[in-house]
There are 2 protein chains.
Amino acid sequence: MKLEEAKRNFVEAWGTLGTNWGINRTMAQIHALLMVSEQPLSTDEIMEILDISRGNANMNTRALIDWGLAERKIKLGERMEFFVGEKDIWKVAVKIIRERRKREIDPLRATLRDLKMIDDKEDKKEEYQKFMKLLDDIDGFADSADKITDKMVLADKNWFFGTMMKLMIK
Amino acid sequence: MKLEEAKRNFVEAWGTLGTNWGINRTMAQIHALLMVSEQPLSTDEIMEILDISRGNANMNTRALIDWGLAERKIKLGERMEFFVGEKDIWKVAVKIIRERRKREIDPLRATLRDLKMIDDKEDKKEEYQKFMKLLDDIDGFADSADKITDKMVLADKNWFFGTMMKLMIK
DNA sequence: ATTAATTTTCAATTTATTTTGAAAGTTCGA
DNA sequence: TCGAACTTTCAAAATAAATTGAAAATTAAT
């Protein structure tokens, strides 16, 4: 396999993975493309390489910027914008975790809190308590997950996968 | 809010969360419904409560069974099948992790391994090395994630969120 | 063996998501 | 200030995913 071919396959594979993680295929592919590019790429280059429309390219580069997975790079003397991808896979993971938490876990926990406002405690005592326990368990689990990911978001990669992993895995 | 209302809201919220995690809405809703049910439920009851078709109910109860998130329960003297949901949120998390790993992470890692079979090492030496490093980084990250989730899959809930969390969070 | 009860399948439909592309908007140099 | 270069928007079209429902298959009682 040649390098260029391998890169193409990588872009495809990353796109497929993205789909499974709530990131649309194009967004993941652009990100992969930016990860394997030596140079910043323009919208036109992205359109050309991935064979997608301008609208699509524009929407998804902006989504990547929102997520912190890419940034704009202005080249002196060039009018056009160029894009650079975050290449540190640790940072990529941290940004995805942060974004998903904001969009999914936080709202879930808010919902759980609302659900605890049940006012027929006296009726169906046992059933009520079981449901309450389920809500508490879920919230407790989410809380632990939050704490782990907090650590990850704040920690340095080497600390996390060095020191901490040793504690865990040993 | 009344208990029944809270349960309905919970089923909805769980359904929404599911969508974000690659589990379709109905599957997540059935699972939520089984979690909050005191009794095993029949396909007809699930259809009735969630207002879905028989085909849909059947497909998704079976999917839940495949994932290990529900099981069939035969009632003596009853012809119909009933379903019981896994209610231990720790076990639920472990089963989802295991299933997603099987379907997504394992294939990705296999792809990464294939991509390493590049035969133009000599050309474009530096570019080749950078790409190789990216693949290694991703694989290393996936490996660490695997190890953490292995621990989770094997560990006891209390150990994991007791002992281990203390080590991590402190 | 018959048939009534129940489960499974799957083509057709519905719903949700993504993509296109052209028009509108913006920016900047001359 | 004009206009070319470039970016953004968004309604319509295309694609993908979930759902229906009725027919086929299976199961179990008589």
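Please read these numbers as outputs of a predicted model, since none were measured by experiment.
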Exercise for the section: Would you kindly give the CG-to-C1' distance between L64(B) and dA18(D), to the nearest whole Å? Expected result: 15 Å

Problem - Rounded distance [0.5 Å steps], CH2 in W21(A) versus CZ in R100(B) - result: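 W21(A) atom CH2 to R100(B) atom CZ measures 4.5 Å (nearest 0.5 Å).
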
Exercise for the section: Counting heavy atoms from C-beta on, name the nucleotide in dT7(D), dG21(C), dT7(C) closest to the side chain of S53(A). Expected result: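 Side chain of S53(A) sits closest to dG21(C).
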
Exercise for the section: For dT9(D), take OP1 and OP2 only and decide whether either is under 4.0 Å from a side-chain N or O of R62(A). Expected result: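 Looking at the OP1 and OP2 atoms of dT9(D), one of them is under 4.0 Å from a side-chain N or O of R62(A).
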
Handout entry: Check against side chain to side chain donor-acceptor pair (under 3.5 Å), R62(A) and N58(A)
Key = CA-CA 6 Å; R62(A) 273 184 313 114; N58(A) 181 268; 3.3 Å; yes

Problem - Ion pair R101(B)/D150(B), N-O distance below 4.0 Å - result: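 Yes.
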
Practice task
Return the value, rounded to whole Å, for the distance between atom CZ of R54(B) and atom P of dT20(D).
Solution key: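 Taking CZ of R54(B) and P of dT20(D), I get 12 Å after rounding.
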
Exercise for the section: Could you pull out the closest heavy-atom pair between Q29(A) and G15(A), with the gap in Å? Expected result: CG-CA, 3.8 Å

Exercise for the section: Could you label the plane-to-plane angle of the W90(A) and F141(B) rings as parallel, tilted or perpendicular, counting under 30° as parallel and over 60° as perpendicular? Expected result: perpendicular

Problem - Atom-pair distance (CD on E45(A); C1' on dT7(D)), nearest Å - result: 16 Å

Exercise for the section: Ignoring backbone atoms, test whether N24(B) places a side-chain nitrogen or oxygen under 4.0 Å from the OP1 or OP2 oxygen of dT19(D). Expected result: yes

Exercise for the section: Give the nucleotide from the list dT8(D), dC10(D), dT18(C) with an atom nearest to the side chain of E81(A). Expected result: dT8(D)

Exercise for the section: Quickly work out the I52(A) CD1 to dT17(C) P distance and round it to whole Å. Expected result: 20 Å

Handout entry: Position toward the 5' end of DNA chain D (nearest nucleotide), R25(A) or M59(A)
Key = M59(A)

Problem - dT8(C) OP1/OP2 closer than 4.0 Å to side-chain N/O of N58(B) - result: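 Yes, such a contact exists.
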
Practice task
Grab the CD-P distance between E78(B) and dA4(C) for me, whole Å please.
Solution key: 20 Å

Practice task
Starting from P on dT19(D), measure out to CG on L50(B) and report it in whole angstrom.
Solution key: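 Going from CG in L50(B) over to P in dT19(D) covers 11 Å.
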
Practice task
Look at T26(B) and dA18(D) and indicate whether a side-chain polar atom (N or O) is within less than 4.0 Å of OP1 or OP2.
Solution key: no

Practice task
Name the residue closer to the 5' end of DNA chain C, choosing between I23(A) and G55(A) according to the nucleotide with the nearest heavy atom.
Solution key: I23(A)

Exercise for the section: Record whether the side chain of R79(A) comes under 3.5 Å of the base of dT27(C) through a donor-acceptor pair of N or O atoms. Expected result: yes

